[in-house]
Amino acid sequence: MFKRSVRKGNYAYAVTRVKAKKSKLLKEEDYDKMIQMSVPEISRYISEAGYQKEMTDLAGKYSGITLVEHATYQNMANVFNSILGASQGELADMVAAYLEKWDLWNLKVILRGKSYGVDADGIREDLVLAGKVDEESLNKLISLDSVEDVLSESSRTGMVTIPNEVIASYKETGNLGVVEDHLDKLHYQRLLDSINPYTQPTRIFLNYIRKEIDIVNLKTIMKLKHEGIYGDEVMKYYIPGGMEIDTKYAQLLANYDTIKASLGDLSRLEVFEEYIKPAMEGDDITHKGILSSMKKYQADQAKKMAHMYPLSVLPIIDFMVAKETEVRNIRVVARGVDGGLSRETIKGLVVI
């Protein structure tokens with residue numbers, strides 16, 4: 001999927017551009033103000049904070065909470081595409097490989113839409129055009145009649161390769177989970193394969209991605225445990241390649257039937273003391289608290305490594321994680337206000 005460049009990359013230029021963008025991201029005080037606003041007021045506020053073009057472009061098609069959601073996604077896609085366009089050499093390779101997750105996001109959106117009978121316009125509303133697959137190619141997939149047709153066309157064009165056994169399992173059960181699980185594993189496999197760890201910047205990026213895989217695996221284990229799923233069933237969703245959570249350790253965590261029971265072995269993780277332990281104190285242990293703490297860890301990790309290695313891909317990843325967090329926060333606040341949630345509840349859902 002990705003060809004490694006022989007050129008090192010324009011790190012200084014790209015990082016300088018990204019730092020300028022990061023300085024304009026919303027701060028905690030911005031969210032505090034937005035929580036006290038109505039949805040129209042939130043729309044005006046984010047327009048003045050950098051989302052004006054997308055809000056204006058989409059205002060004729062959407063309104064209210066729907067406009068906020070689509071404009072924030074469109075803005076994020078535009079920003080990420082501009083970063084990729086400004087990157088060169090091995091830096092561009094790594095940014096493109098990282099952004100491939102949005103191609104797979106879009107494929108999942110299309111597959112779910114076909115599975116649930118959503119019309120073409122409804123499917124397009126949830127696409128995020130921040131990857132390498134263009135809008136024309138996605139529209140072609142949307143025009144197809146069934147999930148099987150989409151999977152076949154995706155394999156034919158080389159966008160993804162879906163093994164026959166995965167397709168057979170979907171046809172037998174009608175459960176898209178097996179396909180989505182394959183896409184998640186495929187993303188990280190291709191991302192790891194795209195990184196040539198023979199330069200300092202690429203070794204740093206490799207370590208960051210391996211830690212990200214640990215986070216994804218831990219979130220999956222905790223979520224499934226909350227749903228009463230444990231043991232070998234959990235291991236079907238395990239993604240190899242992490243830094244700390246290898247197959248043996250993942251199986252150990254998966255075997256516990258409750259989140260609380262896994263506390264002792266979770267303490268072996270680097271992330272435990274500062275992030276997991278506070279979320280597991282007391283009797284009311286929820287997977288949501290742990291998932292929220294993992295989001296914060298990921299953001300803090302990117303920020304820390306970007307500071308330590310300023311001339312690497314990490315400052316760019318740090319910005320992209322922060323931008324995704326900003327978009328998520330805006331949407332959370334807007335939905336919370338629109339749904340009548342209390343200010344304290346909304347504030348608790350915002351990741352700073």
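Since we're looking at a predicted model, the values are computed, not measured. In what follows, residues are counted from 1 in the order of the sequence shown. Atom set for the values below is all heavy atoms of this structure, side chains included, hydrogens, waters and symmetry mates excluded.
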Practice task
Just do the side chain to side chain contact (heavy atoms under 4.5 Å, CB included) check on Lys22 and Leu25 with the steps written out, would you?
Solution key: CA-CA 5 Å; Lys22 189 174 183 184; Leu25 292 177; 3.9 Å; yes
Taking atom [atom1] of [X] and atom [atom2] of [Y], what is their separation to the nearest 0.5 Å?
| X | Y | atom1 | atom2 | value |
| --- | --- | --- | --- | --- |
| Phe80 | Tyr98 | CZ | OH | 7.5 Å |
| Ile215 | Glu212 | CD1 | CD | 6.5 Å |
| Thr247 | Ile239 | OG1 | CD1 | 12.0 Å |
| Leu138 | Leu107 | CG | CG | 8.5 Å |
| Leu191 | Ile209 | CG | CD1 | 4.5 Å |
| Lys53 | Leu58 | NZ | CG | 8.5 Å |

Residue pair [X] / [Y], side-chain donor-acceptor N/O under 3.5 Å:
| X | Y | value |
| --- | --- | --- |
| Gln301 | Asp318 | no |
| Glu54 | Asn78 | yes |
| Asn75 | Thr72 | no |
| Asp149 | Ser152 | no |
| Tyr31 | Glu326 | no |

Under 3.5 Å, which donor-acceptor pairs do the side chains of residues 328-340 form with other protein atoms, sequence neighbours left out?
residue	atom	partner	partner atom	Å
Arg328	NH1	Leu349	O	3.0
Arg328	NH2	Leu349	O	3.3
Asn329	OD1	Val351	N	3.0
Asn329	ND2	Thr325	O	3.4
Asn329	ND2	Val351	O	2.7
Arg331	NH1	Glu69	O	2.7
Arg335	NE	Glu69	OE2	2.5
Arg335	NH2	Glu69	OE2	3.3

Going hydrophobic residue to hydrophobic residue with side-chain gaps under 4.5 angstrom, can you get from [X] over to [Y]?
| X | Y | value |
| --- | --- | --- |
| Met37 | Val327 | yes |
| Tyr13 | Ile316 | no |
| Tyr62 | Ile65 | no |
| Val216 | Met243 | no |

Side-chain donor/acceptor of [X] to backbone N/O of [Y], under 3.5 Å:
| X | Y | result |
| --- | --- | --- |
| Lys277 | Tyr275 | no |
| Asn10 | Gln88 | yes |
| Lys303 | Ala322 | no |
| Tyr249 | Asp265 | yes |
| His226 | Ile259 | no |
| Ser154 | Val150 | yes |
| Ser43 | Val39 | yes |

Problem - Residue pair Tyr45, Asp30: steps toward the side chain to side chain donor-acceptor pair (under 3.5 Å) verdict - result: CA-CA 9 Å; Tyr45 194 85; Asp30 292 305; 2.5 Å; yes
One thing to verify: whether [Y] and [X] come together as a salt bridge, which I'm taking to mean a side-chain N less than 4.0 angstrom from a carboxylate O.
| X | Y | value |
| --- | --- | --- |
| Lys304 | Asp300 | no |
| Asp257 | Lys225 | no |
| Glu153 | Arg156 | yes |
| Arg112 | Asp126 | no |
| Glu270 | Lys211 | yes |
| Asp184 | Lys108 | yes |
| Asp181 | Lys185 | yes |

How about [X] and [Y]: do any of their side-chain heavy atoms sit closer than 4.5 Å?
| X | Y | answer |
| --- | --- | --- |
| Arg210 | Leu192 | yes |
| Glu100 | Lys132 | no |
| Tyr230 | Ile221 | no |
| Lys140 | Ser137 | no |
| Gln251 | Asp232 | yes |
| Leu183 | Ile162 | yes |
| Met76 | Val79 | no |
| Ile245 | Leu218 | yes |

Exercise for the section: Take Ile317 and Met320, measure what side chain to side chain contact (heavy atoms under 4.5 Å, CB included) needs, and give me the verdict at the end. Expected result: CA-CA 5 Å; Ile317 300 301; Met320 290 197 289; 3.6 Å; yes
With a cut-off of 6.0 Å (strictly less than), are more than 12 heavy atoms of other residues, nucleotides or ligands near [atom1] of [X]?
| X | atom1 | result |
| --- | --- | --- |
| Gln52 | CD | no |
| Glu135 | CD | no |
| Lys248 | NZ | no |
| Glu227 | CD | yes |

Exercise for the section: Report the C-alpha separation of Ser87 and Met94 in whole Å, then their side-chain angles, then the decisive distance to 0.1 Å, and conclude whether the side chain to side chain contact (heavy atoms under 4.5 Å, CB included) test is met. Expected result: CA-CA 10 Å; Ser87 302; Met94 290 186 286; over 6 Å; no
Exercise: identify the closest heavy-atom pair between [X] and [Y]:
| X | Y | value |
| --- | --- | --- |
| Phe319 | Val18 | CB-CG1, 3.2 Å |
| Gly231 | Asn255 | CA-OD1, 3.6 Å |
| Ala97 | Ser194 | CB-OG, 3.2 Å |
| Thr202 | Tyr198 | OG1-N, 3.7 Å |
| Arg17 | Ala86 | NE-CB, 3.5 Å |
| Phe272 | Ser267 | CG-CA, 3.4 Å |

Exercise for the section: Might you work through the side chain to side chain contact (heavy atoms under 4.5 Å, CB included) test for Lys347 and Ile35, ending with a clear yes or no? Expected result: CA-CA 7 Å; Lys347 190 170 184 178; Ile35 288 170; 3.9 Å; yes
Problem - Pairs touching residues 159-179 that satisfy side-chain hydrogen bond (donor to acceptor under 3.5 Å, both in side chains), sequence neighbours left out - result: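 Residue pairs with at least one partner in residues 159-179: there are none.
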